[in-house]
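This report refers to the structure that appears directly beneath it.
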Amino acid sequence: MKFLGLGLALPALNSCDSLIEHFSYNQNLEVSPGLEFKSLLGTFKSLEASSLDELVLPEGYSYDIICSSGDVILKSQDLKFGHNNDYIGFIPLGGDQALLAVNHEFLDPLDIPVEAEQRKAVGVSIVKIKKDSHGLWKFDEDPESQREFNRRITANTICAVSGAVAELYPQMTGTLANCSGAITPWNTVLTCEENYYLFDEVYKWKNFDAKQYGWIVEINPLKPDSKPIKHTALGRMAHENCALVKSHDERMVVYMGDDKERQFIYKFVSKNPVTMPKNFKDLDLEAHLSPFSEGDLYVAKLDKNLKFTEINSGKGKWLKLSIDNPILKSKFKSQAELLIETRLAAKYLAATPMDRPESLSVSPKDGSIVAALTYSPAEKNNFGSLFRIVEDNSHSESMTFRYENLIIGGKTSSFACPDNIHFDKNSNLWLATDIEGIKLNKAPYDFQGNNSLFVIPSEGPHAGKALRFASAPAGAEFCGICFSEDSKTLFLSVQHPGEGGLQSRWPYGTNVAKSSLVAIYKELEWW
Ligand code: FEO
Ligand code: CA
Ligand code: CA
Ligand code: CA
């Protein structure tokens with residue numbers, strides 16, 4: 001049994017029919033706790049469900065807290081780690097040094113009632129870490145290092161703009177609602193602006209111009225004074241994340257989900273091949289240099305309307321969202337206006353609505369793309385599914401693909417509401433769930449216990465099964481799944497402990513629960 005067609009070299013993927021048939025997930029696989037799996041972090045035995053207000057890990061594993069909400073990351077400027085940390089990107093600096101780029105997704109207005117303070121609690125944190133004498137990653141306390149690298153990009157940071165929308169907005173103010181993201185091959189950070197509507201409708205920010213948000217923003221973490229760039233060619237929506245891959249001719253291909261009911265999956269293909277140097281330290285990030293500045297945006301259309309609660313497969317195509325399309329030309333004045341209303345443009349072309357596409361991740365072994373469709377009450381889809389795309393001829397720039405609704409969430413597969421997903425170097429799929437706090441441990445979600453982190457092996461006796469690696473504190477979800485360069489440390493965001501009115505005292509045993517970034521590792525032999 002293999003999951004996701006692994007073990008096949010790319011040239012062997014021409015016959016997608018047989019690939020999809022062969023590797024369909026068997027829903028009768030029994031998932032039980034205590035199954036042993038050798039992960040990149042080390043061997044572990046899968047956990048049973050837990051409702052404890054703890055970060056539960058398998059025997060022999062520990063975690064350290066790197067940063068919690070509100071921690072000071074640069075004393076001289078009173079810079080603080082933001083709220084509700086989400087995406088984590090690892091940027092190696094060589095040796096025992098690295099940076100983490102961390103998104104802050106939303107606010108707790110009761111904790112920070114004033115807009116001026118709220119504006120500083122969102123955006124992105126760049127945080128220097130280093131290994132201690134045991135080889136464990138820790139927050140770097142050295143003031144010199146902090147001055148050199150630690151940085152906050154907030155709702156106040158002026159951003160440059162690339163792409164057609166730059167005609168209307170030469171610059172934009174701030175980044176916010178930063179959900180997931182990616183590290184580029186040239187070590188910049190892409191951060192995805194997701195639920196920007198909250199800042200208008202819930203937090204009631206004054207003079208909020210929604211058109212400046214819902215973009216993907218590139219940041220050079222190695223140059224603290226460089227301007228972030230909003231790449232408008234990648235469209236405007238509730239960007240959950242972006243999964244990057246290089247095409248055969250070295251162009252950048254970006255897969256993106258829009259986490260809202262009945263929204264779509266998108267793909268961007270850059271016009272130009274990557275010419276960026278590997279290490280960006282001494283360069284300003286100029287808009288025209290980045291391959292994300294220019295290219296074509298597509299939306300996925302499937303050959304039939306699916307119920308995403310059922311296993312299914314078929315064919316699909318990518319529809320180009322261009323003002324040159326006669327339908328779109330009759331609806332929008334310019335490519336800039338089209339990009340600002342990306343969702344509407346996709347709808348005009350009758351793209352296929354999905355049950356809330358959250359993260360996507362590309363398998364490093366076969367290039368197939370998996371999307372987490374989290375759940376969708378409007379479609380009576382309680383548990384979500386994993387949806388897989390196999391590009392025709394295994395070319396990421398292909399205009400047609402095969403798809404498969406691969407694993408359905410629920411009691412049999414043992415997980416519900418998949419959200420953050422991440423293929424590790426061995427193409428095992430790490431999957432974090434996001435059942436809303438208020439629904440946790442109640443029917444129909446009680447089988448899962450608290451939100452959890454699972455790994456789905458690609459090969460071996462447990463291929464295709466969701467093995468639980470960690471269970472979150474009360475009300476929290478895990479997100480930001482990120483491995484260190486050597487894959488021996490897993491950085492993870494523990495977001496919103498205490499959500500849904502649940503009592504959480506994590507992580508410090510006090511009445512104030514705090515979102516925190518942790519480093520998880522297998523305990524050293526000699527301990
Ligand atoms: Fe940022 Fe859709 O979660
Ligand atoms: Ca999410
Ligand atoms: Ca959540
Ligand atoms: Ca979610």
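Order of listing sets the numbers, starting from 1, for every ligand and every atom in it. For the numbers below, each heavy atom of this structure counts, side chains included, while hydrogens, waters and symmetry mates do not.
- The atom name of the N/O/S atom in Glu240 closest to atom 2 (Fe) of ligand 1 is OE1.
- Thr188 and Trp186 share a donor-acceptor pair across their side chains, judged by distance under 3.5 Å alone.
- Coordination check, Asp434 versus the Ca ion (ligand 3): passed, since an N/O/S atom of the residue sits under 3.0 Å.
- Centred on atom 2 (Fe) of ligand 1, the angle running from Glu358 (OE1) to Asp259 (OD2) is recorded as 80°, rounding to 10°.
- Classification of the Trp205-Phe199 ring pair by plane angle, with boundaries at 30° and 60°, yields perpendicular.
- Counting only N and O atoms by type, the side chains of Asn441 and Ser51 include no donor and acceptor under 3.5 Å apart.
- At a threshold of 3.0 Å, the Ca ion (ligand 3) has no backbone or side-chain N, O or S atom of Cys479 nearer than that distance.
- Taking backbone and side-chain atoms together, Glu477 has an N/O/S atom less than 3.0 Å away from the Ca ion (ligand 3).
- Not one N, O or S atom of Glu194 sits under 3.0 Å from the Ca ion (ligand 2).
- Side-chain contact, Asn428 with Ser458: a donor N or O sits under 3.5 Å from an acceptor N or O.
- A donor atom on one side chain and an acceptor atom on the other are not found under 3.5 Å apart for Ser471 and Asn450.
- Restricting Glu194 to its N/O/S atoms, the shortest distance to atom 2 (Fe) of ligand 1 is reached by OE2.
- Residues Ser484 and Tyr521 bring no donor and acceptor atom of their side chains to less than 3.5 Å of each other.
- Not one N/O/S atom of Asp86, from backbone or side chain, sits under 3.0 Å from the Ca ion (ligand 2).
- Expressed to the nearest 10°, the angle at the Ca ion (ligand 2) joining OE2 in Glu240 with OD2 in Asp419 is 130°.
- If you look at Glu358 and ask which of its N, O or S atoms sits nearest the Ca ion (ligand 2), the answer is OE1.
- Here the two rings, on Phe208 and Tyr213, have centers that are under 6.0 Å apart.
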